[in-house]
Structure formats: structure tokens, C-alpha cells
> 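I'd like to ask you about the structure that follows.
Letters A, B, ... are given to chains in the order of the sequence lines, protein chains preceding strands, and every chain is numbered from 1.
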Number of protein chains: 2
Amino acid sequence: MASDFDPTMCPVRNVLDHISTKWTPLILLTLQSGALRFSQLHKQVPDISKRMLTQSLRDLERDGLLSRKVFPTKPPSVEYELTELGLSVMVPMGALVDWAENNFEKMKSARRDFDNGMQV
Amino acid sequence: MASDFDPTMCPVRNVLDHISTKWTPLILLTLQSGALRFSQLHKQVPDISKRMLTQSLRDLERDGLLSRKVFPTKPPSVEYELTELGLSVMVPMGALVDWAENNFEKMKSARRDFDNGMQV
DNA sequence: CCGTATCCTAGCTGATACTG
DNA sequence: CAGTATCAGCTAGGATACGG
């Protein structure tokens with residue numbers, strides 16, 4: 001039953017795995033307002049390391065969600081910008097973010113109740 | 001700069017971390033059509049282990065996204081069902097799933113191009 | 001300024017066996 | 001049927017140092 005299932009063929013799993021990593025949503029969200037350079041992103045996405053920022057940006061570029069433009073200035077500068085595909089994913093993801101902001105308190109109180117042994 | 005940021009205070013991070021685990025979206029999606037028993041879920045969510053199913057269900061229950069009802073029959077049966085909060089998150093998440101299904105091919109071809117060295 | 005390379009650890013995850 | 005317990009492997013992620 002389960003063995004005839006190939007995870008790489010499942011769009012839901014496959015896509016969600018790529019946009020639901022620790023940093024990906026925050027990066028996409030930050031770039032939604034417009035193109036940013038590496039150092040700007042590093043400042044605006046709290047607590048991310050350069051290593052993870054680079055890796056996440058590469059993954060997103062690979063998936064066609066953002067573009068990377070290198071300006072051969074001195075010192076070099078690199079700009080990241082959402083592609084059409086990247087902008088399009090921000091519609092549903094934006095809705096999810098809105099949900100998160102609107103229902104965070106409900107989840108917190110549900111957790112409090114559960115932890116206090118309210119489960120019947 | 002980054003040190004004045006508390007991840008537990010960030011709704012986006014906090015909520016997304018909980019609904020974007022490996023199994024959570026699939027479980028929510030499966031329960032969207034109605035209540036299911038543990039064994040039914042185990043069959044319908046491909047490749048999940050009992051261990052992970054139990055753990056994911058507990059987390060979702062703790063966050064108030066689903067309810068757990070035990071029927072003291074012999075042998076016991078347990079039903080899981082989305083709460084109002086769980087149903088409400090399926091609106092944006094359903095949109096994301098739709099996006100995933102509609103844009104999976106685009107992502108795959110973007111990846112192919114990238115891997116073939118098309119990056120300028 | 002924009003990365004890469006290397007090492008290292010925490011915790012997620014699966015496999016397996018057992019219980020009420 | 002619906003879990004729990006235990007153990008081991010893997011890998012995402014962080015710290016640090018270095019390079020173009």
C-alpha cells in the first residue's frame with residue numbers, strides 16, 4: 001500500500017518541503033517588497049547565518065522563485081529579487097502568514113490549556 | 001541587532017514551524033474531508049510511521065487544530081477531527097496546496113535548467 | 001562585499017519491539 | 001486497535017575561519 005508511493009512524485013510534499021524550511025518563508029517575505037542585496041537580507045532576516053542565507057538563496061534560485069543578479073562593482077554587490085513564480089507563491093503564502101498573525105494567540109492559549117491538563 | 005529578536009514572539013516563525021513539518025500538512029489535508037480513526041489515517045497518509053503519526057497528532061491537538069475523541073469500546077477506537085481553528089487554517093493552506101499542484105512542473109523545469117548550468 | 005569550506009552537534013526520524 | 005519505549009542514523013543547521 002505505502003510502497004507504491006514515490007515522494008518525489010507528490011507535488012504537495014515536494015513543493016511544501018521546499019517552501020517550508022526554517023528560513024525560506026522569511027526570505028520570500030522580506031523580498032516581497034522589492035529586490036535586496038545580500039547584506040540587506042542578512043540584516044533584515046533576524047538571526048540567520050551567512051551560511052544558511054546563502055544556501056537558502058541558492059535553493060530558491062534553483063527552484064525558480066528568485067533571481068540573482070551580480071554587479072561586478074568593486075566591491076561586488078549582488079541583488080536578489082522574486083521572479084514571477086516567486087511572486088505568485090506569495091499569494092497563498094501571504095494568506096498563510098496573515099492567518100498566522102491572526103491566530104497566533106488562539107494557538108498559544110490552546111497550548112496553555114493542553115499543557116495544564118485540560119484534555120478532559 | 002539580531003539579539004533583540006525573540007523567535008517565540010514571532011507569529012510567522014512560530015505558526016509556520018508548527019504547520020510546516022514533514023507530516024502536518026498531509027495529516028490536516030487528509031482530515032479535511034472528515035473525522036478519521038488512527039488506523040484510517042495511518043493507511044491514508046503514505047509512508048508515515050505510527051510513531052510519527054502519533055507525535056504529529058499530539059502536536060496538532062496541543063495547538064488546538066484537531067480534537068481527539070476516545071471511544072472506550074473493545075478494542076478501543078479513537079477519532080481525530082479538525083477543530084474550527086484547524087478548518088480555518090485549511091483555507092490558506094489549501095490555497096498553498098493548490099499552488100503546489102499547479103506549479104510543480106514549473107519548479108521542476110526551473111531546477112532542470114539550473115542544474116544544466118543555465119545560470120548565465 | 002559576498003560568499004565557501006570545514007567541522008560539529010542537536011534533534012528529527014525510522015525501525016523495531018512491546019503494552020493495555 | 002491504538003498506542004509507548006528504546007535505540008541508532010542522518011541531516012539540517014550553527015560556529016568558525018578563510019578566499020575572490
> Between A:K50 and A:K22, which residue's closest nucleotide on DNA chain D lies nearer the 5′ terminus?
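Per heavy-atom nearest nucleotide, the more 5' residue is A:K22.
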> Of B:S49 and A:K43, whose nearest nucleotide on DNA chain C comes first from the 5' end?
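Nearest-nucleotide comparison on DNA chain C picks A:K43.
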> In whole angstroms, how far is the P atom of D:dC1 from the CZ atom of B:F71?
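Interatomic distance, CZ of B:F71 to P of D:dC1: 16 Å.
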> Does a side-chain heavy-atom distance below 4.5 Å link B:W23 with B:L53?
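No; the side chains remain at least 4.5 Å from each other.
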> Taking the side chain as C-beta and beyond, is there a heavy-atom pair between A:I48 and A:H42 under 4.5 Å?
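SC-SC contact between A:I48 and A:H42 confirmed.
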> Between B:L82 and B:V70, is there a shared hydrophobic cluster once you connect ILVMFWY residues whose side-chain heavy atoms come closer than 4.5 Å?
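Yes, same cluster.
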> For the pair made of NE2 in B:H18 and C1' in C:dC12, what is the distance, rounded to whole Å?
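My rounded result for the distance is 14 Å.
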> Classify the side chain of A:R51 and the base of C:dT6 as holding, or not holding, a donor-acceptor pair under 3.5 Å.
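Flag set: donor-acceptor pair detected.
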> To the nearest Å, how far apart are B:E79 CD and D:dA2 C1'?
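The answer, rounded to whole Å, is 14 Å.
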> For a 4.5 angstrom cut-off between non-hydrogen side-chain atoms, does B:L41 reach B:L57?
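Yes, their side chains come closer than 4.5 Å.
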> A:M52 CE to D:dG13 C1': how many Å, rounded?
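These atoms are roughly 5 Å apart.
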> Without decimals, in angstroms, what is the distance between B:Q55 CD and D:dA5 P?
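Whole-Å distance recorded here is 12 Å.
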> Check this one for me: any side-chain N or O of A:Y80 less than 4.0 Å away from OP1 or OP2 of C:dC2?
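No, outside the criterion.
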> Measure from the side chain of A:S39, starting at C-beta and using heavy atoms only, and say which of D:dC1, D:dG14, C:dC1 lies closest.
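Nearest nucleotide to the side chain: C:dC1.
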> Report the distance from atom CZ of B:R58 to atom C1' of D:dA2, rounded to the nearest whole Å.
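From B:R58 CZ to D:dA2 C1': 9 Å.
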> Round to the nearest Å and state the distance from A:H42 atom NE2 to D:dA15 atom C1'.
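Roughly 12 Å, once rounded to whole Å.
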> What distance do B:K106 atom NZ and B:K108 atom NZ have between them, rounded to the nearest 0.5 Å?
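One gets 14.5 Å once the value is rounded to the nearest 0.5 Å.
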> B:K74 near the nucleic acid: base, sugar-phosphate alone, or nothing, with a heavy-atom cut-off under 4.0 Å?
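No contact.
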> Could you give the CZ-to-P distance, from B:R37 to D:dG3, as a whole number of Å?
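The answer, rounded to whole Å, is 10 Å.
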> Select one nucleotide: of C:dG3, D:dT4, C:dC2, the one nearest the side-chain heavy atoms of A:R68.
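Nearest listed nucleotide: C:dG3.
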